[in-house]
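The next block holds one structure in the form of structure tokens; read it before the comments.
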Amino acid sequence: MPELDLPPLPSPAEIQVGLHWLDLLGVGAFAMSGALLGVRKRFDLFGVIVLGCVTAVGGGAIRDTLTGQTPPLFLRDETYLWVALFGAALAFSFGERLARFERAMSVFDTVGLGLFAASGALGAIKIGLGPLGVVFAGMLSGVGGGIVRDLIANEVPEVMYRREQLYATAAAAGAGIVWLLHTRQAQWHLGTLEIQLLGAATVMLLRWISRRGWVKLPVRRLPEG
Amino acid sequence: MPELDLPPLPSPAEIQVGLHWLDLLGVGAFAMSGALLGVRKRFDLFGVIVLGCVTAVGGGAIRDTLTGQTPPLFLRDETYLWVALFGAALAFSFGERLARFERAMSVFDTVGLGLFAASGALGAIKIGLGPLGVVFAGMLSGVGGGIVRDLIANEVPEVMYRREQLYATAAAAGAGIVWLLHTRQAQWHLGTLEIQLLGAATVMLLRWISRRGWVKLPVRRLPEG
Amino acid sequence: MPELDLPPLPSPAEIQVGLHWLDLLGVGAFAMSGALLGVRKRFDLFGVIVLGCVTAVGGGAIRDTLTGQTPPLFLRDETYLWVALFGAALAFSFGERLARFERAMSVFDTVGLGLFAASGALGAIKIGLGPLGVVFAGMLSGVGGGIVRDLIANEVPEVMYRREQLYATAAAAGAGIVWLLHTRQAQWHLGTLEIQLLGAATVMLLRWISRRGWVKLPVRRLPEG
């Protein structure tokens with residue numbers, strides 16, 4: 001009944017392609033965040049690029065190694081490294097001037113976090129892990145790149161004490177949603193694609209809520225602190 | 001001849017179950033040590049829990065990755081993560097007040113160190129490594145979690161300069177004993193279980209001896225130090 | 001026509017043996033560099049030896065894990081660990097007095113860097129990676145041990161800001177040459193051995209050029225720096 005003049009919904013294949021592009025945007029944002037830290041730490045051109053690439057592909061590498069899929073995706077599909085390289089080179093060229101686009105980059109970063117966490121969780125489900133393993137693997141896939149970035153830059157990983165904002169917690173929650181939806185997959189007629197999108201959307205929603213300052217994580221008071 | 005009224009010796013299956021419980025106690029102690037460091041470093045709730053979990057499962061993850069058994073055991077058997085989660089949550093709730101139980105925790109820690117080192121060594125033997133590889137893999141399985149904990153907390157790994165006490169050295173010695181016993185396995189009618197127990201006991205004995213201050217590791221004097 | 005009195009060229013098998021020896025020299029040099037850093041950091045005997053061994057085998061372990069060859073070579077061939085152990089023990093015994101041989105050690109280090117980068121690149125080609133993956137894997141194989149060394153010693157990895165000298169860049173270039181030669185393999189009648197040697201030679205040449213101060217990597221100026 002094509003009498004209505006609505007634009008057609010995207011097909012699953014189109015969504016898949018769209019997801020891949022979003023994934024690459026996330027990789028680029030991660031690469032820029034790593035490269036900018038390298039610039040601030042006075043690394044040379046090479047160090048900046050390596051730090052950018054490692055930040056960009058670290059999460060996926062952890063996901064693939066934990067779930068036994070070697071070589072990791074970023075080595076099998078060269079696009080990831082090219083995008084990471086490009087993002088890092090951009091950050092080196094523009095340096096602090098990129099800070100002007102912080103808002104846009106933070107959006108990409110959230111997109112990357114959500115997609116990585118969801119794909120990590122799906123990978124863990126595929127190899128038969130239980131709920132806790134799925135949440136752990138999804139969370140590590142999302143925040144792994146940032147942790148490696150901070151370790152190399154010799155700083156305490158930011159995600160560990162980012163108390164004003166949910167970050168890794170959002171990734172863990174998104175991975176948990178992926179697991180929940182997966183257990184209802186047959187009942188609710190959900191495809192893998194829908195599950196990944198819903199998981200990633202959960203992460204983004206939580207990030208948005210916590211940016212408004214509505215939720216905070218507790219910190220243990222120390223007697224002398 | 002059941003005329004004597006002695007309690008029966010535990011069967012291998014019972015010992016196996018006991019070992020599993022000891023293993024879990026070790027995991028819990030490692031989780032608490034990681035979580036307490038996180039509390040001291042002012043990590044938020046999430047950071048404390050992640051640091052606790054990573055400390056608890058890090059050694060086993062290294063053992064399984066090095067010996068090619070992916071996904072690692074802690075992802076296949078959810079009990080480990082649940083225990084780690086519980087230990088970390090406990091440490092977050094009680095904070096410094098847990099220090100009162102330091103003695104008990106240190107016993108669990110030693111049990112974990114011994115069992116992890118012995119199981120790491122056995123895993124290495126199973127895939128056909130030689131003596132040095134067995135010692136290396138066993139040692140890393142024992143101390144890997146602590147090293148990852150200290151790296152994330154941005155400190156020099158404690159095991160590297162814990163000169164007053166044998167720690168990693170004890171783990172290496174226990175792994176070496178496992179290798180030695182394995183070469184005599186047929187002759188001495190030893191089962192895998194006995195070997196693991198004897199290896200772990202070696203580690204605990206060495207820890208106990210070094211706590212008394214009877215053995216110390218040398219430190220290289222520097223001209224200016 | 002054996003009328004000339006020239007010594008015969010080495011056979012491929014002889015070159016292979018020679019390569020293995022050079023490889024071990026590189027492992028020894030890496031072990032000493034790690035152990036010396038441990039001595040300076042006041043690690044105890046055990047810490048010094050572990051840091052030496054990890055530096056020596058880290059690059060190869062990364063190469064084998066990324067390309068899915070577990071257990072890594074250093075666990076399958078015990079020679080590597082024995083040499084690393086010996087190098088680390090030497091560094092502990094002689095301490096700063098080894099600095100006198102810095103020039104010789106730096107030559108071995110360069111040999112190790114070149115051979116590791118080339119063998120990492122060849123391993124990546126064997127499992128079918130593309131150009132960027134080959135360069136990345138080769139580079140990480142060359143510098144991975146040093147990065148792990150600096151992370152454990154709680155320092156920013158030296159390769160990241162070694163701007164006066166090409167180091168990781170040289171490793172990346174050598175890996176790139178390996179990839180280029182591999183694409184011309186059939187045309188130019190090159191064996192794997194020749195390719196590895198030419199790749200390693202590229203690394204060494206670049207190191208030599210940059211030591212003369214002829215090439216430097218740019219560092220991004222900061223507004224306030």
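Because only heavy atoms are used, hydrogens play no part in the values below, and waters and symmetry mates are left out as well, while side chains stay in. In what follows, chains are A, B, ... by sequence order, proteins preceding strands, each numbered from 1.
- Neither the backbone nor the side chain of C/Tyr80 comes within contact range of chain B, judged by heavy atoms closer than 4.5 Å.
- B/Asn154 contributes atom CG, which lies 10.0 Å from atom CG of C/Leu151 (distance to the nearest 0.5 angstrom).
- Rounded to the nearest 0.5 angstrom, C/Leu81 CG and B/Leu129 CG are separated by 9.5 Å.
- When all heavy atoms are compared, the tightest approach of C/Pro71 to B/Ile127 is CG-CD1, 3.7 Å.
- Interface remark: C/Ile49 contributes no atoms to any contact with chain B (heavy atom separation under 4.5 Å).
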| message | For a side chain to side chain contact (heavy atoms under 4.5 Å, CB included) check, start with the C-alpha distance between C/Ile152 and B/Val156, then their side-chain angles and the critical distance, and finish with the verdict. | response | CA-CA 6 Å; C/Ile152 292 185; B/Val156 175; 5.8 Å; no
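- Contact residues of residues 132-144 of chain B toward chain C are B/Leu132, B/Gly133, B/Phe136, B/Met139 (heavy-atom distance under 4.5 Å).
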